[in-house]
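Data first, discussion second: the structure below is written as structure tokens.
We number each residue from 1, following the sequence as shown. Computation of the quantities below employed the complete heavy-atom set of this structure, encompassing side-chain atoms and omitting hydrogens, waters and symmetry-equivalent molecules.
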Amino acid sequence: MVKITLLVVGNIKERYFKEAINEYLKRLSKYSKVEIKEVEELKLQNRKEEEIKEKEGEELLKYIKRDQFVILLDLNKKELTSEEFAYKINELISLGKGDIVFVIGGSLGLGENIKKRGDYFVTFSKLTFPHQMIRLFLLEQIYRSFKIINRETYHH
């Protein structure tokens with residue numbers, strides 16, 4: 001079975017986001033083992049943005065294993081359609097890379113240290129969204145991908 005890890009900076013406080021995320025985790029359990037790992041989002045407090053991103057990156061890197069395929073969500077990268085996203089996931093599974101890690105940075109973005117570990121980069125939009133929403137959007141798109149891969153209907 002495919003293993004997917006969402007490695008994220010920050011946590012979810014809002015009940016409505018938690019409920020929606022849990023719904024997609026439940027739906028995804030049919031297709032994949034999905035796990036969410038959170039690292040603390042650091043505050044600026046007289047520190048430079050780059051320093052914060054590097055420290056958060058160090059924490060993220062602790063959870064990534066050598067054989068995992070790492071997909072970073074980065075605002076400055078390629079936008080994919082849902083079908084292209086599904087194709088990428090299916091391609092990875094076909095190539096035996098079924099241990100996939102998706103990384104969502106904090107409000108400041110991702111540090112260069114974690115970007116160097118990325119195997120693939122994608123953006124969901126040129127618009128900026130809170131990381132709570134991106135986590136939900138990502139889970140929905142992963143679920144949609146499995147529906148597309150398995151040629152199952154899914155209402156838009």
Side-chain angles (χ1 to χ4, degrees), residues 1-42 53 56-75 77-111 114-115 117-156:
M1 181 175 262
V2 179
K3 181 176 181 225
I4 293 177
T5 304
L6 270 62
L7 187 50
V8 299
V9 175
N11 56 27
I12 304 288
K13 294 175 185 73
E14 300 84 355
R15 191 181 89 233
Y16 52 91
F17 278 126
K18 287 180 181 179
E19 288 172 358
I21 286 166
N22 286 333
E23 175 62 27
Y24 280 103
L25 290 172
K26 186 173 83 177
R27 291 181 187 192
L28 277 163
S29 66
K30 174 181 174 183
Y31 306 100
S32 174
K33 180 178 188 270
V34 181
E35 166 175 45
I36 299 174
K37 294 182 181 175
E38 300 173 337
V39 302
E40 183 182 358
E41 183 167 22
L42 302 174
K53 292 191 295 189
E56 289 173 347
E58 288 170 17
E59 291 302 309
L60 292 166
L61 286 166
K62 290 178 183 178
Y63 290 99
I64 300 174
K65 298 178 192 116
R66 179 180 292 204
D67 61 338
Q68 292 177 308
F69 190 89
V70 179
I71 299 175
L72 299 178
L73 276 66
D74 189 329
L75 277 175
K77 300 300 177 182
K78 180 180 172 133
E79 287 183 85
L80 302 175
T81 65
S82 293
E83 290 77 13
E84 290 169 331
F85 190 71
Y87 176 81
K88 184 63 183 177
I89 289 174
N90 195 39
E91 176 186 44
L92 293 171
I93 294 166
S94 298
L95 294 171
K97 298 177 190 260
D99 191 350
I100 305 167
V101 177
F102 289 92
V103 179
I104 302 172
S107 58
L108 299 174
L110 297 167
I114 190 75
K115 286 182 180 181
R117 178 56 182 89
D119 297 306
Y120 191 76
F121 298 81
V122 66
T123 185
F124 275 21
S125 172
K126 297 295 181 191
L127 299 172
T128 303
F129 295 101
H131 66 269
Q132 299 94 323
M133 287 182 134
I134 291 298
R135 191 182 306 193
L136 178 58
F137 294 164
L138 176 58
L139 287 169
E140 190 281 334
Q141 284 300 302
I142 294 168
Y143 175 70
R144 183 179 298 270
S145 293
F146 281 110
K147 293 298 234 177
I148 291 169
I149 290 166
N150 291 291
R151 293 180 168 80
E152 298 171 359
T153 58
Y154 179 52
H155 298 287
H156 304 296

### Query
Donor-acceptor pair, E56 side chain versus G105 backbone, under 3.5 Å?
no
### Query
Do other residues, nucleotides or ligands put more than 12 heavy atoms under 6.0 Å from K37 NZ?
yes
### Message
A quick test of your reading: do over 12 heavy atoms of other residues, nucleotides or ligands sit less than 6.0 Å from NZ of K78?
### Response
no
### Task
Can you see which heavy atom on L127 is nearest to which on S125, and at what distance?
N-OG, 2.9 Å
### Query
Does some side-chain heavy atom of L73 sit less than 4.5 Å from a side-chain heavy atom of V122?
yes
### From CD1 (I21) to CG (L6), nearest 0.5 Å
8.5 Å
### Summary
Of all heavy-atom pairs linking S32 and V2, the shortest is OG-O, 2.9 Å
### Residue pair E152 / Y31, side-chain donor-acceptor N/O under 3.5 Å
yes
### CZ (F69) with more than 12 external heavy atoms under 6.0 Å
yes
### Task
Calculate, to the nearest 0.5 Å, the distance between atoms CD1 and CD belonging to I12 and E19 respectively.
12.5 Å
### Message
Quick check: do I36 and L25 have side-chain heavy atoms less than 4.5 Å from each other?
### Response
yes
### Task
For residues R117 and K65, report the shortest heavy-atom separation together with the two atoms involved.
NH2-O, 3.0 Å
### Backbone N/O of F146 and side chain of N150: donor-acceptor pair under 3.5 Å
yes
### Query
How many angstroms lie between atom CZ of F121 and atom CG of D74, to the nearest 0.5 angstrom?
6.5 Å
### Task
Of all the heavy-atom pairs spanning K53 and L108, show the shortest one and how long it is.
CD-O, 3.1 Å
### Task
Starting from the C-alpha separation in whole Å, work towards a yes-or-no answer on side-chain contact (heavy atoms from CB on, under 4.5 Å) for K13 and Q132.
CA-CA 9 Å; K13 294 175 185 73; Q132 299 94 323; over 6 Å; no
#### Entry: Backbone of V101 reached by a side-chain donor or acceptor of T5 within 3.5 Å
no
### Query
Between E59 and K62, is the closest basic N to carboxylate O distance under 4.0 Å?
yes
### Message
Using a strict threshold of under 4.0 Å (side-chain N to carboxylate O), is an ion pair present between K97 and E91?
### Response
no
### Query
Do we get K88 above Y120's six-membered ring, with its NZ or CZ under 6.0 Å from the centre and within 45° of the axis?
yes
### Message
Nearest 0.5 Å, please: how far is CD1 in I100 from CD in Q68?
### Response
10.0 Å
## Note on the structure
Rounded to the nearest 0.5 angstrom, the CD1-CD1 distance for I149 and I93 is 5.0 Å
### Query
More than 12 non-hydrogen atoms from neighbouring residues, nucleotides or ligands closer than 6.0 Å to CD on E84, yes or no?
yes
### Task
First locate atom CG of L95, then atom CG of N90, and finally report the distance between them rounded to the nearest 0.5 Å.
9.5 Å
Throw together a table of side-chain donor-acceptor distances under 3.5 angstrom for residues 133-142, partners on residues two or more places apart or in other chains.
{"residue": "R135", "atom": "NH1", "partner": "E38", "partner atom": "OE2", "Å": "2.8"}
{"residue": "R135", "atom": "NH2", "partner": "G10", "partner atom": "O", "Å": "3.1"}
{"residue": "R135", "atom": "NH2", "partner": "E38", "partner atom": "OE2", "Å": "3.4"}
{"residue": "E140", "atom": "OE2", "partner": "R144", "partner atom": "NE", "Å": "3.1"}
{"residue": "E140", "atom": "OE2", "partner": "R144", "partner atom": "NH2", "Å": "2.8"}
{"residue": "E140", "atom": "OE2", "partner": "Y154", "partner atom": "OH", "Å": "3.0"}
{"residue": "Q141", "atom": "OE1", "partner": "S82", "partner atom": "OG", "Å": "2.7"}

